[in-house]
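Written out below as structure tokens is the structure these notes cover.
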There are 4 protein chains.
Amino acid sequence: MNGEKKEIILEAAVEVMAEEGYYNTKMSWIADRAEIAVGTIYNYFGSKEEVLEEIFAREFKKRLDFLAALEDDPELTARDRIKRFLEKHFSDIKNNPSLGKILVREKEFPRKKSEAIGGYLNQLPNKLAEVLSSAHQQGQLKIDNPDLTAAALFGAIQGVVERAVKLKEYSLLDEAAEELLFFLERK
Amino acid sequence: MNGEKKEIILEAAVEVMAEEGYYNTKMSWIADRAEIAVGTIYNYFGSKEEVLEEIFAREFKKRLDFLAALEDDPELTARDRIKRFLEKHFSDIKNNPSLGKILVREKEFPRKKSEAIGGYLNQLPNKLAEVLSSAHQQGQLKIDNPDLTAAALFGAIQGVVERAVKLKEYSLLDEAAEELLFFLERK
Amino acid sequence: MNGEKKEIILEAAVEVMAEEGYYNTKMSWIADRAEIAVGTIYNYFGSKEEVLEEIFAREFKKRLDFLAALEDDPELTARDRIKRFLEKHFSDIKNNPSLGKILVREKEFPRKKSEAIGGYLNQLPNKLAEVLSSAHQQGQLKIDNPDLTAAALFGAIQGVVERAVKLKEYSLLDEAAEELLFFLERK
Amino acid sequence: MNGEKKEIILEAAVEVMAEEGYYNTKMSWIADRAEIAVGTIYNYFGSKEEVLEEIFAREFKKRLDFLAALEDDPELTARDRIKRFLEKHFSDIKNNPSLGKILVREKEFPRKKSEAIGGYLNQLPNKLAEVLSSAHQQGQLKIDNPDLTAAALFGAIQGVVERAVKLKEYSLLDEAAEELLFFLERK
DNA sequence: GATGAATGAGGATTCATTCAT
DNA sequence: AATGAATGAATCCTCATTCAT
């Protein structure tokens with residue numbers, strides 16, 4: 001019951017921030033959407049920034065965990081891992097496009113402070129780089145610079161989501177995983 | 001002499017916004033950086049938002065023009081065009097990383113109003129899609145969905161720039177053009 | 001308790017604006033006078049202009065209502081009606097000279113927008129003209145141009161209030177009603 | 001030639017301030033209307049306020065002088081004097097309604113400083129009161145309180161001008177002198 | 001825990017005035 | 001004398017955060 005209110009607030013925040021952007025979102029709008037009082041938000045979050053951080057923390061953690069789980073499965077090739085990851089990600093976004101909007105858009109944050117979010121935003125490419133790197137070492141993938149490829153891949157993911165969300169053509173997301181895999185398959 | 005002051009302001013704005021982000025940038029900081037008075041900015045721009053718009057307008061126009069020029073050269077294959085475009089873009093960013101930072105980061109703007117910026121942000125992927133699409137029709141490229149590929153490519157460009165700028169590893173940008181071409185090369 | 005704060009703000013605003021004039025009045029002074037924070041004013045009024053509007057709206061409405069009530073009493077002659085109105089008005093001003101000062105002074109407003117205030121400023125002369133006009137038709141008063149006479153009467157009222165308030169000779173207001181009636185009594 | 005520029009500026013100022021009001025009038029608009037540069041205004045006036053002051057000073061001086069001249073003519077009764085004064089005033093306003101607008105409207109000024117304007121605004125009623133008072137002493141007029149009557153008369157003048165100017169019914173001004181004399185004529 | 005009125009620091013913008021040309 | 005770009009003090013308004021109820 002208690003934890004539930006926190007969820008309600010986060011959901012409301014995701015919606016409003018997706019529509020308006022972090023800086024244009026007023027705490028009172030989040031409260032309105034969540035059908036609670038502004039003050040109540042501060043019983044669960046220390047600040048507006050923390051709300052955004054929590055959103056990022058959760059979503060990125062989910063994805064990092066998912067990726068970690070895939071790595072633990074020795075049966076899978078690097079290609080499989082990336083494929084599964086992409087499919088999961090795009091399918092999640094399709095289920096909650098608001099979230100997708102925020103995840104690709106909020107690259108600008110309250111200065112300095114929120115190292116937190118910046119951190120998450122780095123971890124995923126890093127993890128992707130790791131996967132690519134180990135695949136490369138095992139001869140599964142021919143890539144020269146895993147960091148670069150991971151950065152490109154991560155950007156491509158964002159680009160596709162952004163496009164799909166902006167045009168509300170969520171069907172783009174269905175083909176997206178397959179499409180992006182071509183990027184890793186080289187002669 | 002007159003037009004010069006506008007340039008000075010824009011340069012200062014690019015620097016400060018790159019460091020601090022649009023919303024965190026105070027007009028007075030731009031003025032300080034440009035070594036002028038705040039009021040002077042308003043002799044050249046109607047608002048803070050207009051400053052950002054002008055930056056986007058100029059940079060995107062440059063790139064669109066460059067791409068258009070490449071299209072006019074019948075000697076070039078699609079691959080050449082994209083390659084040249086990427087090389088130019090990454091080299092520009094390397095020369096002015098602050099600009100790169102802004103161009104990839106400012107996806108959130110003063111609400112509704114700035115259709116302007118949103119417009120530019122779409123035009124480039126659209127143009128890329130066009131190039132890919134016509135190449136596809138001429139049998140030069142095997143891609144299924146030019147829109148999707150263009151979105152991925154555009155995102156990948158942003159991702160690479162973002163990574164390079166964030167880690168200040170500008171050497172990443174040297175290999176980037178070559179790397180991203182893999183988006184177009186399939187078995 | 002809630003509505004009370006709005007009253008406190010209005011009272012403070014009347015005082016400060018009377019002393020300083022609308023344009024010279026800073027929102028922070030109103031807040032200081034009301035012993036609240038600036039932000040609080042904005043919980044009750046949308047803008048500085050709206051504060052002034054509310055003052056005008058209330059005071060003019062009071063007077064229009066009073067005049068309307070007098071018109072509904074068939075026992076009264078036109079002279080009685082005007083007399084009562086003037087007595088009430090002058091007595092009100094005597095009780096709150098600050099208000100008097102504002103009511104006669106604020107003829108210049110934030111451009112265009114405040115049709116509201118302009119409206120009130122017209123309604124009272126119009127109403128006076130009506131009373132005069134109907135009195136004329138009933139042979140109670142000999143006046144040629146009710147509009148003109150009403151404008152003069154309205155101006156005379158303002159002139160007397162202005163003089164009394166400026167010189168702080170509020171006793172002028174005691175004789176004022178009687179004096180102005182001479183204006184309507186013609187051979 | 002030199003003095004001429006000052007006149008041009010004053011005319012432009014009267015026009016713009018009549019349309020926009022003192023506080024809403026920008027110095028640059030006056031300059032535009034006068035077809036000169038802003039800086040030039042400051043070669044003739046020390047400040048925006050001084051421009052308004054000069055307007056008031058001139059117009060009120062004109063009227064005070066006119067009234068003084070009428071007083072010097074022993075042939076005239078008080079009624080004649082007032083009548084002539086009113087006719088002149090209303091006719092002047094009819095010729096330059098912009099001026100009329102300013103003269104009745106600008107009761108709020110840059111605080112404290114401009115005692116000047118406040119002074120003029122008092123002098124005219126004072127002078128009127130003098131005329132009435134001496135007429136009273138000579139048994140020409142039956143009025144009890146010359147100050148009060150003068151204030152009412154002055155207010156009535158303003159009221160009529162205001163109405164005429166606001167509705168652009170300048171014909172009201174033709175009858176106005178005759179009408180206002182009723183203030184002096186009692187049973 | 002929930003509420004929402006009160007708070008006040010913060011910042012974009014305006015515009016009278018200056019002064020180098 | 002005329003110019004008009006540059007100046008920066010001044011102020012309205014916003015909104016995240018607090019806290020008494």
Side-chain angles (χ1 to χ4, degrees), chain A residues 1-2 5-6 9 22-32 34-51 110, chain B residues 1-2 4-6 8-9 23-32 34-51 110, chain C residues 1-2 4-6 9 23-32 34-51 110, chain D residues 1-2 5-6 9 23-32 34-51 110:
Chain A
M1 192 89 205
N2 182 325
K5 186 146 294 185
K6 195 166 184 176
I9 294 169
Y22 176 76
Y23 279 98
N24 298 303
T25 292
K26 320 292 167 230
M27 289 302 264
S28 62
W29 296 352
I30 298 177
D32 289 348
E35 296 184 311
I36 56 168
V38 227
T40 306
I41 300 179
Y42 287 87
N43 288 336
Y44 296 91
F45 300 92
S47 66
K48 182 180 171 183
E49 198 183 335
E50 260 185 36
V51 176
Chain B
M1 193 90 204
N2 183 326
E4 210 163 305
K5 185 140 300 182
K6 196 167 184 177
I8 291 172
I9 295 169
Y23 280 98
N24 298 302
T25 292
K26 317 300 166 219
M27 290 302 264
S28 62
W29 297 352
I30 298 178
D32 288 349
E35 296 184 306
I36 56 169
V38 220
T40 304
I41 301 178
Y42 288 88
N43 289 339
Y44 296 89
F45 300 92
S47 65
K48 184 179 169 184
E49 196 182 337
E50 257 185 38
V51 176
Chain C
M1 192 93 203
N2 185 325
E4 213 163 303
K5 184 140 301 181
K6 197 167 183 178
I9 294 169
Y23 280 98
N24 298 301
T25 293
K26 318 299 166 217
M27 290 304 263
S28 61
W29 297 352
I30 298 178
D32 289 348
E35 297 185 306
I36 56 169
V38 217
T40 304
I41 301 178
Y42 288 88
N43 289 338
Y44 296 90
F45 300 92
S47 65
K48 183 180 169 183
E49 196 182 336
E50 258 186 37
V51 177
Chain D
M1 194 89 204
N2 182 324
K5 186 145 296 184
K6 196 166 183 178
I9 295 169
Y23 279 98
N24 297 301
T25 291
K26 320 294 167 228
M27 288 301 264
S28 62
W29 295 353
I30 298 177
D32 289 349
E35 297 184 307
I36 56 169
V38 227
T40 305
I41 299 178
Y42 287 87
N43 289 336
Y44 298 89
F45 299 92
S47 67
K48 183 180 171 184
E49 199 182 335
E50 258 184 37
V51 176

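Since we're looking at a predicted model, the values are computed, not measured. Each chain gets a letter, A, B and so on, in the order the sequences are listed, and its residues count up from 1.
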message = Has D:Y44 got a side-chain atom pairing as donor or acceptor with D:V51's backbone, closer than 3.5 angstrom?
response =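 No.
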
Strictly distance-based, threshold 3.5 Å: is any side-chain N or O of A:K48 a donor or acceptor partner for the main-chain N or O of A:T25?
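Yes; at least one donor-acceptor contact below 3.5 Å.
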
For [N], give its Watson-Crick or G-U wobble partner with both distances under 3.5 Å, or none.
N	answer
F:dT21	E:dA2
E:dT13	F:dA10
F:dA16	E:dT7

So do the side chains of A:N24 and B:Y23 get within less than 4.5 Å of each other, counting heavy atoms only?
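Yes - at least one pair of side-chain heavy atoms lies under 4.5 Å apart.
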
Side-chain N or O of [X] less than 4.0 angstrom from OP1 or OP2 on [N]?
X	N	result
A:N43	E:dG1	no
D:Y44	F:dA2	yes
C:K5	E:dA6	yes

task = Measure the distance from CZ on A:F45 to P on F:dA16 and round it to the nearest whole Å.
result =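 Computing the A:F45:CZ to F:dA16:P distance gives 15 Å.
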
*asked:* Both D:I36 and C:K48 contact DNA chain F. Which one's nearest nucleotide lies toward the 5' end?
replied: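 Its nucleotide being nearer the 5' end, the pick is D:I36.
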
- Task: By nearest nucleotide on DNA chain E, pick out whichever of C:A37 and B:K26 is the more 5' one.
- Result: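 Its nearest nucleotide being more 5', the pick is C:A37.
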
**OP:** Answer with base, sugar-phosphate or nothing: what part of the nucleic acid does A:S47 contact at a heavy-atom distance below 4.0 Å?
**Re:**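 The answer is sugar-phosphate, as A:S47 gets under 4.0 Å only of primed atoms, P, OP1 or OP2.
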
